[in-house]
2 protein chains.
Amino acid sequence: MQQMAPLARFLPYQLSIASNAVSGRIAQEYRARWGLSVPEWRVMALLGDFGTITQRDLTRLSLMDKVAVNRACKVLEDRGLVERTPNQQDGRSHLLDLTQSGRDMHAQIMPLAREMERRICAGFSEAELETFRAMLDRLHRQSEIVDADDIVSDNFGIE
Amino acid sequence: MQQMAPLARFLPYQLSIASNAVSGRIAQEYRARWGLSVPEWRVMALLGDFGTITQRDLTRLSLMDKVAVNRACKVLEDRGLVERTPNQQDGRSHLLDLTQSGRDMHAQIMPLAREMERRICAGFSEAELETFRAMLDRLHRQSEIVDADDIVSDNFGIE
DNA sequence: AGCCATTTGTTGCATAGGCAACTATCCTTC
DNA sequence: GAAGGATAGTTGCCTATGCAACAAATGGCT
């Protein structure tokens with residue numbers, strides 16, 4: 001069924017479809033069970049681990065766009081899962097934390113995350129998983145977006 | 001700088017940011033050089049390899065949504081890179097192929113693809129790359145979307 | 001031949017996501 | 001303490017992406 005097209009051996013493509021499949025499956029689970037989007041789930045996870053932090057902290061920790069963080073926080077606040085309190089040290093920002101309801105949900109969603117990770121990693125050794133993580137980190141670092149000048153001056157051996 | 005948050009060790013998350021970084025970088029290159037989106041580039045690559053095929057074939061080969069394939073083909077046709085001819089065997093579909101201009105561009109874009117792949121794989125052994133590909137394939141297959149009934153009946157050990 | 005289910009391609013709609021611009025606040029420097 | 005640049009958060013806009021619904025055509029079944 002799956003043909004051996006050259007495209008199917010192109011590593012960035014394989015990475016993309018695997019990531020989309022995993023993300024799509026996880027998004028489906030969290031939406032069906034708790035009505036959470038992926039950005040919302042990530043904010044819940046970070047707030048559960050780090051406690052009282054600002055949107056700026058969440059942006060740094062999650063590597064998400066600050067707008068994505070802001071919108072996720074707004075939804076969670078409207079649902080009563082997160083509360084904002086004024087930040088005495090900096091009037092521009094607010095301190096965010098889980099409410100009791102948010103902590104209850106956090107206690108529900110984390111075991112599912114760990115279980116899903118365990119499932120998709122089943123059958124691979126610790127060494128293989130470490131190699132896999134190392135490669136993902138390397139791919140991430142080597143693919144950082146550079147500015148336009150660098151692109152123009154770097155012709156990849158073409159022509 | 002990069003904190004050791006639990007989220008940063010969550011494999012689906014690492015997979016997502018690595019894939020986004022790689023895809024974003026590649027998309028940037030192809031947009032800057034030839035004004036091609038990722039779906040358009042994929043269609044170009046497949047047409048270059050497989051010759052005269054239908055949109056249905058392209059959808060199967062690329063694993064993309066049929067709408068994405070259709071829109072990419074339309075753009076490529078408008079740019080004179082792809083041409084459609086009636087399909088005598090099936091009046092519903094058309095046969096797609098690269099024009100001479102499209103073949104010229106194909107000859108340009110494939111070396112860049114191979115060079116980018118070589119770069120991001122630099123420093124890893126063939127065995128490591130094979131393990132990596134195997135894991136991506138496995139993640140993809142294990143994460144196939146299932147229907148809603150399966151989700152409800154499968155509680156992942158919660159409660 | 002006629003009907004019905006299936007398939008291909010297309011369009012429209014609804015959502016997600018990122019970037020630029022803006023406000024408010026902070027911090028430095030004079 | 002006033003001015004200028006930097007930073008946190010917010011809003012609006014634009015694009016990308018995917019699904020549902022649809023029209024045209026096919027193929028099977030009687």
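Pairs of residues two or more places apart, or lying in two chains, that qualify as salt bridge (charged side-chain N to carboxylate O under 4.0 Å, His left out) and include a residue from residues 78-94 of chain A are A:Glu77-A:Arg84, A:Asp90-A:Arg92.
Salt bridge status for B:Glu117 with B:Arg114: absent, with no side-chain N to carboxylate O gap under 4.0 Å. Contact check on B:Glu29 versus B:Arg119 returns no salt bridge, with no Lys/Arg side-chain nitrogen under 4.0 Å from an Asp/Glu carboxylate oxygen.
Taking A:Ser101 as the reference, nothing meets the side chain to side chain donor-acceptor pair (under 3.5 Å) condition, with sequence neighbours excluded. Scored by the side chain to side chain donor-acceptor pair (under 3.5 Å) test, B:Asp104 finds B:Gln100 as partners (sequence neighbours excluded). Residues meeting the side chain to side chain donor-acceptor pair (under 3.5 Å) test with B:Thr99, sequence neighbours left out: none. Residues satisfying the ring-ring contact (aromatic ring centres under 6.0 Å, His included) test with A:Phe132, not counting sequence neighbours, are B:Phe132. For B:Asn20, the side chain to side chain donor-acceptor pair (under 3.5 Å) test picks out no residue, with sequence neighbours left out.
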Are any protein N/O atoms closer than 3.5 Å to N/O atoms in nucleotides 18-21 of chain D? If there are, list each pair with its distance.
{"unit_1": "D:dG18", "atom_1": "N7", "unit_2": "B:Arg71", "atom_2": "NH2", "d": "3.0"}
{"unit_1": "D:dG18", "atom_1": "O6", "unit_2": "B:Arg71", "atom_2": "NH2", "d": "3.1"}
{"unit_1": "D:dC19", "atom_1": "OP2", "unit_2": "B:Asp65", "atom_2": "OD2", "d": "3.0"}

Show the distances under 3.5 angstrom between N or O atoms of the protein and N or O atoms of nucleotides 24-29 of chain D.
{"unit_1": "D:dA25", "atom_1": "O3'", "unit_2": "B:Gly91", "atom_2": "N", "d": "3.4"}
{"unit_1": "D:dT26", "atom_1": "OP1", "unit_2": "B:Gly91", "atom_2": "N", "d": "2.7"}

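Spacing between atom NZ of A:Lys74 and atom P of C:dA16 amounts to 14 Å, rounded to whole angstrom units. What separates CE of A:Met64 from C1' of C:dG18 is a distance of 13 Å, to the nearest Å. Rounded to an integer number of Å, the gap from B:Glu40 CD to D:dT15 P is 14 Å. Atom-to-atom, NE2 of A:His94 to P of C:dC26 comes out at 11 Å; the value is rounded to the nearest Å. The distance from atom CG of B:Leu36 to atom C1' of D:dT15 is 17 Å, rounded to the nearest whole Å.
OP1 or OP2 of C:dA16 lies within a sub-4.0 Å distance of a side-chain N or O belonging to A:Arg31.
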Determine all donor-acceptor pairs shorter than 3.5 Å in which one atom belongs to a side chain in residues 62-69 of chain B; sequence neighbours excluded.
{"unit_1": "B:Ser62", "atom_1": "OG", "unit_2": "B:Leu58", "atom_2": "O", "d": "2.8"}
{"unit_1": "B:Ser62", "atom_1": "OG", "unit_2": "B:Met64", "atom_2": "N", "d": "3.1"}
{"unit_1": "B:Asp65", "atom_1": "OD1", "unit_2": "B:Val67", "atom_2": "N", "d": "2.8"}

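Two residues, B:Arg84 and A:Ser37, neighbour DNA chain C, and the one matched to the more 5' nucleotide by heavy-atom proximity is B:Arg84.
Using a 4.0 Å heavy-atom criterion, one finds that B:Thr54 contacts the sugar-phosphate atoms exclusively.
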